[in-house]
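Here is the structure we will look at.
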There are 2 protein chains.
Amino acid sequence: MNKPGRKRLAAVSKHDGLESGKLGELHTQLAQKLGIDILGRKWLPGEILPSEVDMANTYAISRPAVREAIRTLAAKGMVEPRRRRGTCVTERAKWNMLDPDVLSWMFASKPDETLVKNLFEMRLILEPAAARLAAQRRTEAHLKAMSDALTIMGRETLLTETGLQADIDFHAALMSAAGNEQLGALNASIGATVALSNRYKIAHDILGRDPVPAHMAVYEAILNRDPEEAHWCMQYLVRLAVKDLLHMDAIEDLPPEAGKEA
Amino acid sequence: MNKPGRKRLAAVSKHDGLESGKLGELHTQLAQKLGIDILGRKWLPGEILPSEVDMANTYAISRPAVREAIRTLAAKGMVEPRRRRGTCVTERAKWNMLDPDVLSWMFASKPDETLVKNLFEMRLILEPAAARLAAQRRTEAHLKAMSDALTIMGRETLLTETGLQADIDFHAALMSAAGNEQLGALNASIGATVALSNRYKIAHDILGRDPVPAHMAVYEAILNRDPEEAHWCMQYLVRLAVKDLLHMDAIEDLPPEAGKEA
DNA sequence: AAATTTCATTATGTAAGACGAATTGAATGG
DNA sequence: CCATTCAATTCGTCTTACATAATGAAATTT
């Protein structure tokens, strides 16, 4: 089966090899390619990937480079190398679906609507709770970070890269203010959603409503140490994003808005 | 500075080298050791780890092994190798605090009470919401998995390894029934907490109350497709665990129980 | 004939040595 | 004093070789 004729060349093989341009290290490129392929169901759980030497030949890179790529995927729970058997794709339940890399690979492989809905569902559960905690635990530094982000958002809108980053920073500062490192680890996924929804709006030219007021309301509730208000305002904010992005008034199966009226 | 005298020997260096016994691969051992050290604050964010060759000499292993270990840590966001600068420990906010390995390293480095509190705080936010979703999305397969787990729990109690596993399985089945893959990725952390609290109880010989009734209540609410009831019952269940493990009636800063009476 | 043991195969795990490339920092020159 | 150049350091990569363990088939024994 294996054609032994094809000698490994200088890492520049136009059609199936990896680019040697400014795309990062080789092992990173391969990890990315494999990750995207696995998430895109080109390799299914339980299947065995080609052996390291095969891959090295296929992509015209060295075996250590292949191994490091596999090591990366293994660290994210996606593959499991074992002697003599080869490297096996693990069951989906073991994958770190919230890892920033894995998330980006998911977006790259299939911009699935389910993924977006799942992420917003998660935000709708987490962020209001985080806001509630933040209202009670925030320090001056957190307030300043959030306030600064709001200022930039107001000045730059979401059309500029810095404005978009400010939006992300706002949510990051809030998660940090919640004072729970483990909860804070979910910020990466939230940031991805924020970026996604904003980029979508820009791409489809739906400037829509000004995002600052809703953020400001959250900020003030946290400033005033009002947990309930913070919770409600954040829920409102996320629901707005859902409405804009998914054209849904609410995510099914999640409880409707709390008692308060808009 | 470098002492060139010490030649790298056959991977068995009693005092500072890595064991060559049945502790897994060398790169895994090193990743583990470095991970624990970093989480234990022996290396602080911003600091540069020893160069790859230095480490290879120190632990009497090969450079590829060192590199694979570093690759593992990099995949979890804990270090960032760069040419000429060396491998730098990243800021804590970038670490995947919910990664199973990272969690286990945290437990190994410092059984911090804050960590336990953080994890239960997260459970108290996530699991009731997940139960609510599960009540609306569960399939027969999910019900069977949960029911089976309950049966085993009732038979084995939490004193046996299988009984403990059944408890974990119950929560895993519930998270799966919630029908959100991203949310489901948090199950690893929840499982760690469940295991932790049960092992703690066994170690301190607090058999305490029978855990089955509370679980059964959650199960029945999900069986009956009653989201509110499921939410409440799960919140009650987690609160019980908090009370047993942390001797606290409630986690501060989180809202008190809903309207219902026990 | 069935079960056990043995052994060769195969893929990952590890080692050693060399070179490439990029970035940092110091030395040099304007 | 600033800019440029250059050299040293460290990660990134390649190559080759051997070790190790697990698999499956063959051979032996019961």
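Numbered from 1 within each chain, the chains take letters A, B, ... in sequence-line order.
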So if I take every side-chain heavy atom of A:R63 and compare against C:dT14, D:dC11, C:dA15, which nucleotide ends up nearest?
C:dT14
Can you tell me how far CE of A:M97 sits from CG of A:L115, rounded to the nearest 0.5 angstrom?
9.0 Å
Return no unless some side-chain N or O of A:S62 is found under 4.0 Å from OP1 or OP2 of D:dC14.
yes
Quick note, A:P64 side chain, CB onward, closest among D:dT15, D:dG12, C:dA15 is D:dT15
Closest approach of A:L158 and A:P211, non-hydrogen atoms and distance?
CD1-CG, 3.6 Å
Could you check how far CD of A:E80 sits from P of D:dA22, rounded to whole Å?
13 Å
Distance-minimising heavy-atom pair for B:T90 and B:P45
O-CB, 3.3 Å
So, does A:T87 get its side chain near the phosphate of C:dT12, meaning an N or O under 4.0 Å from OP1 or OP2?
yes
Please report, rounded to the nearest Å, how far the P atom of D:dT13 is from the CD atom of B:E52.
11 Å
What is the distance, to the nearest angstrom, from the CD1 atom on B:I48 to the C1' atom on C:dT24?
12 Å
Minimum-distance nucleotide to A:R67 side chain [options: D:dT10, C:dG13, D:dG12]
C:dG13
Could a donor-acceptor pair under 3.5 angstrom be found where the side chain of B:R83 meets the base of D:dT9?
no
Residue A:R84, side-chain atoms from C-beta onward, closest of C:dG25, D:dC11, C:dT10:
C:dT10
Enumerate donor-acceptor pairs with a distance under 3.5 Å from any side-chain N or O in residues 169-182 of chain A to protein atoms, sequence neighbours excluded.
{"from": "A:D169", "atom 1": "OD1", "to": "A:Q165", "atom 2": "NE2", "distance (Å)": "3.0"}
{"from": "A:H171", "atom 1": "ND1", "to": "A:E127", "atom 2": "OE2", "distance (Å)": "2.7"}
{"from": "A:H171", "atom 1": "NE2", "to": "A:D167", "atom 2": "OD1", "distance (Å)": "3.3"}
{"from": "A:H171", "atom 1": "NE2", "to": "A:H215", "atom 2": "NE2", "distance (Å)": "3.2"}
{"from": "A:S176", "atom 1": "OG", "to": "A:H142", "atom 2": "NE2", "distance (Å)": "3.4"}
{"from": "A:N180", "atom 1": "OD1", "to": "A:Q182", "atom 2": "N", "distance (Å)": "3.0"}
{"from": "A:N180", "atom 1": "OD1", "to": "A:L183", "atom 2": "N", "distance (Å)": "3.1"}
{"from": "A:N180", "atom 1": "ND2", "to": "B:N118", "atom 2": "O", "distance (Å)": "3.1"}
{"from": "A:N180", "atom 1": "ND2", "to": "B:E121", "atom 2": "OE1", "distance (Å)": "3.0"}
{"from": "A:E181", "atom 1": "OE1", "to": "B:R92", "atom 2": "NH2", "distance (Å)": "3.0"}
{"from": "A:E181", "atom 1": "OE2", "to": "B:R92", "atom 2": "NE", "distance (Å)": "2.4"}
{"from": "A:E181", "atom 1": "OE2", "to": "B:R92", "atom 2": "NH2", "distance (Å)": "3.2"}
{"from": "A:Q182", "atom 1": "OE1", "to": "B:N118", "atom 2": "ND2", "distance (Å)": "3.1"}

B:L30 has an atom CG; how far is it from atom P of C:dG13, in whole Å?
15 Å
d(CG, B:L49; C1', D:dT9) in whole Å
16 Å
As a test of reading the structure: which of C:dG13, D:dC14, C:dA15 is closest to the side chain of B:E25, going by heavy atoms?
C:dG13
In Å, rounded to the nearest 0.5 Å, how long is the span from CH2 of B:W95 to NZ of B:K76?
14.0 Å
Would you mind telling me which of C:dT14, C:dT9, D:dC14 lies closest to the side-chain atoms of A:I61?
D:dC14
Quick one: which of D:dT13, D:dC11, C:dG13 gets closest to the side chain of B:P81?
D:dC11
Using atom NE2 of B:H27 as one end and atom P of C:dA15 as the other, report the distance to the nearest whole Å.
11 Å
Starting from P on D:dT10, measure out to CZ on B:R82 and report it in whole angstrom.
15 Å
Atom CG of B:L26 and atom P of D:dA19: how far apart are they, to the nearest Å?
15 Å
